[in-house]
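Reading through the structure tokens given below for one structure.
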Amino acid sequence: MDIEKTKSIIEAILFAAGRVVKMNEFILVLEKNEEEIHTILKKMQEEYKASNRGIEIIQVEDGYQLATKKELYEYIYPILDKRTKPNLSTAALETLAIIAYNPRITRAEIEAIRGVSADACVYKLLEFGLVEEAGKTDLPGKPMSYKTTDEFLKMFGYTSLKDLPELPRYKLDSNQQIVIDDLMEDEEEINKPHSKQEAPMPEREEESEF
């Protein structure tokens, strides 16, 4: 099967599926290995981008989906989607970030980090499909754990959780609280240009009297 024919089949599959199509599904239909299919899909992504089309192929974990471009959402939403637009509070976003950076975290652990009840936020995130249950843990009482979904990755434009921004380093005071001033000073020190200075000469060891 030539490349152009394969591209047509992939495009048809993605269009008809309307969801993330996993790599093992492509392998089964196309009878090609994973590396070959990834290469073809990457080429298709570049072609879609170069032609300035209104759709694009996005990667979500080990699968791909045909989607409209994010910058065109405002034109599509009023026509096709009459549901209530997700509106996440600051508390819900904080909870979502905690779950994203800590897959398989329990509600009690979320509350320990935030210092307040997480029930309402977790229910809201479950309702919007941004998080899902990840199974019970081995902790006492077998509490349920949570993780983010593919919908979370698509909404925020990530391919996988590995793409999440690196968390900043911070210092703790004697009360185990983050020292914001020190954090800001460290950030300023990192970003400001450093003047050229001579390296200090190493101290000479005193000669032994023996």
Side-chain angles (χ1 to χ4, degrees), residues 1-90 92-105 121-122 124-134 146-168:
M1 187 186 303
D2 63 36
I3 297 298
E4 294 305 316
K5 177 67 173 179
T6 302
K7 288 180 182 179
S8 297
I9 294 172
I10 290 175
E11 186 176 52
I13 292 172
L14 292 174
F15 178 80
R19 60 170 174 82
V20 176
V21 179
K22 299 296 185 180
M23 182 53 63
N24 61 347
E25 295 178 290
F26 282 123
I27 293 173
L28 180 64
V29 173
L30 299 173
E31 298 181 348
K32 294 180 179 292
N33 62 47
E34 184 173 340
E35 184 178 352
E36 288 179 303
I37 297 172
H38 270 304
T39 300
I40 294 171
L41 278 159
K42 293 297 182 185
K43 180 64 176 177
M44 291 177 69
Q45 286 179 315
E46 294 172 2
E47 291 172 350
Y48 274 53
K49 186 176 181 180
S51 60
N52 197 28
R53 299 170 70 171
I55 54 178
E56 61 183 347
I57 298 174
I58 61 173
Q59 182 177 357
V60 181
E61 294 289 358
D62 67 334
Y64 290 84
Q65 182 172 3
L66 192 64
T68 55
K69 289 187 175 179
K70 295 184 289 293
E71 55 265 33
L72 303 179
Y73 176 77
E74 61 179 299
Y75 302 103
I76 301 167
Y77 180 81
I79 297 175
L80 299 181
D81 199 340
K82 302 302 181 182
R83 296 170 298 177
T84 303
K85 186 177 180 180
N87 184 20
L88 298 179
S89 64
T90 301
L93 286 171
E94 289 175 358
T95 303
L96 182 58
I98 291 171
I99 297 173
Y101 281 99
N102 301 275
R104 293 187 59 82
I105 191 171
C121 292
V122 171
K124 180 64 68 175
L125 295 173
L126 286 168
E127 179 185 348
F128 285 141
L130 297 175
V131 302
E132 63 185 358
E133 294 180 347
Y146 299 90
K147 64 179 181 179
T148 53
T149 63
D150 287 350
E151 189 62 31
F152 162 79
L153 295 175
K154 288 189 288 184
M155 178 175 286
F156 289 91
Y158 295 123
T159 297
S160 71
L161 293 179
K162 294 178 181 179
D163 296 333
L164 289 173
E166 185 177 351
L167 291 174

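In what follows, residues are counted from 1 in the order of the sequence shown.
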Revision key, fill the gap. Residues Pro103 and Leu161: closest non-hydrogen pair is CG-CD1, 3.9 Å
Practice item. Begin with the C-alpha distance, continue with both residues' side-chain angles, and end with the deciding distance and a verdict on side chain to side chain contact (heavy atoms under 4.5 Å, CB included) for Glu133 and Tyr146. Key: CA-CA 5 Å; Glu133 294 180 347; Tyr146 299 90; 4.0 Å; yes
Revision key, fill the gap. d(Ile99 CD1, Thr148 OG1) to nearest 0.5 Å is 8.0 Å
Review point. About how many Å separate CD1 of Ile9 and CD1 of Ile40, when rounded to the nearest 0.5 Å?
Key: 9.5 Å
**Study point:** Mutual orientation of the aromatic rings belonging to Phe156 and Phe152 [parallel < 30°, tilted 30-60°, perpendicular > 60°]
**Key:** tilted
Point to revise | Tyr48 side, atom OH; Arg53 side, atom CZ - distance, nearest 0.5 Å | key: 4.5 Å
**Study point:** Gln59 side chain vs Glu61 backbone, donor-acceptor pair below 3.5 Å
**Key:** yes
Review point. What distance do Glu36 atom CD and Ile3 atom CD1 have between them, rounded to the nearest 0.5 Å?
Key: 7.5 Å
Point to revise | CG-CG distance between Leu130 and Asp150, expressed to the nearest 0.5 angstrom | key: 11.5 Å
Review point. If you take all heavy atoms of Val131 and Thr149, which pair is closest and at what distance?
Key: C-CG2, 3.5 Å
Check your understanding: Do the side chains of Lys69 and Asn52 get nearer than 4.5 Å, heavy atoms only?
Key -> yes
**Study point:** Partner set under side chain to side chain donor-acceptor pair (under 3.5 Å) for Glu132, not counting sequence neighbours
**Key:** none
Check your understanding: Can you tell me if CD on Glu35 sees more than 12 non-hydrogen neighbours from other groups inside 6.0 Å?
Key -> no
Exercise for review: Please report the closest heavy-atom contact between Gly129 and Glu151, naming both atoms and the distance.
Suggested key: O-CB, 3.4 Å
Practice item. Working to the nearest 0.5 Å, report the span between CG of Leu96 and CZ of Phe128. Key: 11.5 Å
Study note, to complete from the structure: side-chain contact (heavy atoms from CB on, under 4.5 Å) filter on Lys43, not counting sequence neighbours, yields Lys7, Glu46, Glu47
Check your understanding: Are Thr90 and Leu93 close enough, and set up right, to give a side chain to side chain contact (heavy atoms under 4.5 Å, CB included), and what steps lead you there?
Key -> CA-CA 5 Å; Thr90 301; Leu93 286 171; 5.6 Å; no
**Study point:** Any Leu72 side-chain heavy atom under 4.5 Å of Ile55 side chain
**Key:** no
Review point. Between Ala92 and Cys121, what is the shortest heavy-atom contact and its length?
Key: N-SG, 3.7 Å
Exercise for review: Flag the pair Ile58 / Thr159 as yes when at least one side-chain heavy-atom distance between them is below 4.5 Å, and no otherwise.
Suggested key: no
Exercise for review: Could you tell me whether the side chain of Tyr64 reaches within less than 4.5 Å of the side chain of Gln45, counting heavy atoms only?
Suggested key: yes
Review point. Less than 4.5 Å apart, any side-chain heavy atom of Thr95 and any of Ile98?
Key: no
Just distance, no hydrogens or angles: give the donor-acceptor pairs under 3.5 Å from side chains in residues 18-31, sequence neighbours left out.
residue : atom : partner : partner atom : Å
Arg19   : NH1  : Glu25   : OE1          : 3.3
Arg19   : NH2  : Glu25   : OE2          : 3.0
Lys22   : NZ   : Asp62   : OD1          : 3.4
Glu25   : OE1  : Lys22   : N            : 2.8

Practice item. Taking the side chain as every heavy atom from C-beta outward, state whether Tyr75 and Thr68 have any atom pair closer than 4.5 Å. Key: no
